[in-house]
Amino acid sequence: MGCWWQLLLGLWAVPPTWAGRELLNICMNAKPHKPAPSPEAKLYEECIPWKDSACCTANTSWEAHLDVSLLYNFSLVHCGLMMPDCQKHFLQAICFYECSPNLGPWIQRLDPRGQAERILDAPLCREDCEQWWADCRTSYTCKSNWHGGWTWRRGKPRCPARALCHPFLHYFPTPADLCEKIWSNSFKASPEHRTSGRCLQKWFKPAGVNPNEAVARLFASPAPSWGLSDTLLAFSLFLLLLSR
């Protein structure tokens, strides 16, 4: 019986398994993302924070800043002039989406073959959503969801018929409405603050440490699997009964 107890003790010594390493430091399978993150020394303006490890190229970062973005053939100023602070938030959000290698835990496949992906419910910090909403309250739009439903004329999206231009506050009464509705729940308004380490920052100072690396590691690490431990417990009770 001694050999059985030695085997059992060896199995109990095996630490619980953790998953999620494949969710770290990756790029989603979507245009125009790179296959894998790498340094990009010449990223443009709001995309610079990701220069050390980026899923976007320098050209992608430049296209994101054009008045009519070549990435989506879409204009932020579809209802007239957008306030500069508001536009800056959108450029930061676009850079975050295109360049960040820390979105793995929230990547979702759009088709079963995995040939296209998006992010879903990536938790933006409370301050990010609130400041974005506050700075865009006096800018104008005609839709709450910008992912689709536009009228296309001459190859460009226009406001649908009877969709009137109103201040953002009309379509987004709260910060959560803006963060979550604007791109079909790509982002989720987190109640957590930036200092919590449990939410994503859509922009950070280029000279600082990327705070989203630690957040991605946290969300990529589910609770340990104790299924093996339950099996071992039953096995140990069985051996105990045999030893009597």
Side-chain angles (χ1 to χ4, degrees), residues 28 30-33 40 42-50 54-100 103 118-122 124-125 127-189 200-206:
M28 74 182 82
K31 293 181 179 180
H33 291 74
E40 291 284 348
K42 297 183 179 180
L43 293 183
Y44 195 69
E45 291 190 359
E46 302 302 331
C47 296
I48 291 176
W50 291 275
C55 288
C56 62
T57 63
N59 188 60
T60 295
S61 70
W62 173 75
E63 291 179 349
H65 287 74
L66 298 177
D67 288 341
V68 178
S69 173
L70 297 179
L71 299 180
Y72 318 108
N73 194 26
F74 181 78
S75 175
L76 295 174
V77 293
H78 48 270
C79 275
L81 182 65
M82 177 177 282
M83 300 302 293
D85 285 346
C86 179
Q87 188 168 5
K88 185 175 182 178
H89 282 287
F90 277 97
L91 294 177
Q92 291 174 351
I94 292 171
C95 287
F96 175 54
Y97 184 87
E98 297 293 343
C99 302
S100 176
L103 295 172
R118 60 164 292 188
I119 60 170
L120 183 67
D121 292 334
L124 285 191
C125 295
E127 294 91 336
D128 290 65
C129 288
E130 289 180 348
Q131 195 60 52
W132 190 357
W133 180 78
D135 288 341
C136 287
R137 293 180 66 180
T138 57
S139 292
Y140 281 71
T141 185
C142 60
K143 279 172 51 62
S144 60
N145 186 341
W146 290 9
H147 250 164
W150 299 92
T151 298
W152 288 83
R153 292 198 301 269
R154 299 180 181 179
K156 296 181 180 180
R158 310 289 184 183
C159 291
R162 293 186 292 277
L164 302 179
C165 289
H166 291 288
F168 268 53
L169 192 60
H170 175 85
Y171 290 102
F172 309 108
T174 68
D177 290 323
L178 174 58
C179 271
E180 296 176 359
K181 291 180 179 180
I182 192 74
W183 286 316
S184 300
N185 298 107
S186 292
F187 302 134
K188 180 179 179 63
L200 297 166
Q201 299 180 29
K202 68 177 174 60
W203 195 85
F204 51 94
K205 292 182 179 180

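Please read these numbers as outputs of a predicted model, since none were measured by experiment.
The closest side-chain heavy-atom distance from W150 to C142 is below 4.5 Å. Between P167 and T138, every side-chain heavy-atom pair lies at or beyond the 4.5 Å cut-off. Using a 4.5 Å heavy-atom cutoff, the side chains of D128 and W133 are not in contact.
With hydrogens and angles ignored, the 3.5 Å screen pairs a side-chain donor or acceptor of S61 with a backbone N or O of Y44. Side-chain atoms of H89 never come within 3.5 Å of backbone atoms of C86 as a donor-acceptor pair (strictly under, hydrogens ignored). A donor-acceptor contact shorter than 3.5 Å links the side chain of D177 to the backbone of T174. Within the 3.5 Å criterion, the main-chain N or O of S75 finds a donor-acceptor partner in the side chain of H78. With hydrogens and angles disregarded, no donor-acceptor distance shorter than 3.5 Å links the side chain of K188 to the backbone of A176. In this structure, H170 contributes its side chain and T141 its backbone to no donor-acceptor pair below 3.5 Å. A donor-acceptor distance shorter than 3.5 angstrom exists from the side chain of H147 to the backbone of W183, with no hydrogens or angles considered.
The CD1 atom of I48 sits 8.5 Å away from the CH2 atom of W203 when rounded to the nearest 0.5 Å. A distance of 13.0 Å separates CD of E98 from NZ of K31, quoted to the nearest 0.5 Å. For the atom pair CG (L81) and OG (S139), the distance works out to 7.5 Å, reported to the nearest 0.5 Å. Here the OG1 atom belonging to T60 is positioned 12.0 Å from the CD1 atom belonging to I94, to the nearest 0.5 angstrom. Here K181 contributes atom NZ and K143 contributes atom NZ; the two are 12.0 Å apart, rounded to the nearest 0.5 Å. Taking CZ of F204 as the reference point, atom CH2 of W50 lies at 5.5 Å (rounded to 0.5 Å).
The one candidate from P49, C125, S100 that meets the side-chain contact (heavy atoms from CB on, under 4.5 Å) condition with Q201 is C125. When the options K202, H65, Q92 are evaluated for a side chain to side chain donor-acceptor pair (under 3.5 Å) with E46, the one that passes is Q92. Exactly one residue among M83, R137, M82 makes a side-chain contact (heavy atoms from CB on, under 4.5 Å) with F168. That residue is M82.
For an aromatic pair to be called close, the ring centres must be under 6.0 Å apart, and F172 with W132 fails this. Taking the six-membered ring where the residue is Trp, the centroids of Y171 and W146 are separated by 6.0 Å or more.
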* Evaluation steps, side chain to side chain contact (heavy atoms under 4.5 Å, CB included), between N145 and I182 -> CA-CA 5 Å; N145 186 341; I182 192 74; over 6 Å; no
* To do: Please test C56 against C95 for side chain to side chain contact (heavy atoms under 4.5 Å, CB included), starting from the C-alpha separation and ending with a verdict.
  => CA-CA 8 Å; C56 62; C95 287; over 6 Å; no
* Kindly indicate, with the supporting measurements, whether the criterion disulfide bond (SG atoms under 2.5 Å apart) is fulfilled by C47 and C99. => CA-CA 7 Å; C47 296; C99 302; 4.0 Å; no
* Before giving the answer on side chain to side chain contact (heavy atoms under 4.5 Å, CB included), spell out for E180 and F187 the whole-Å C-alpha distance, their side-chain angles and the decisive distance to 0.1 Å. => CA-CA 5 Å; E180 296 176 359; F187 302 134; 5.9 Å; no
* To do: Could you go through the side chain to side chain contact (heavy atoms under 4.5 Å, CB included) check for M28 and L103 one step at a time?
  => CA-CA 8 Å; M28 74 182 82; L103 295 172; 4.3 Å; yes
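No more than 12 heavy atoms of other residues, nucleotides or ligands sit less than 6.0 Å from atom OH of Y140.
Shortest non-hydrogen contact noted between C159 and A163 is CB-O, 3.9 Å. Residues L120 and S184 come closest through the heavy atom pair CD1-O, 4.2 Å.
Disulfide criterion (SG-SG under 2.5 Å) for C129 and C179: met.
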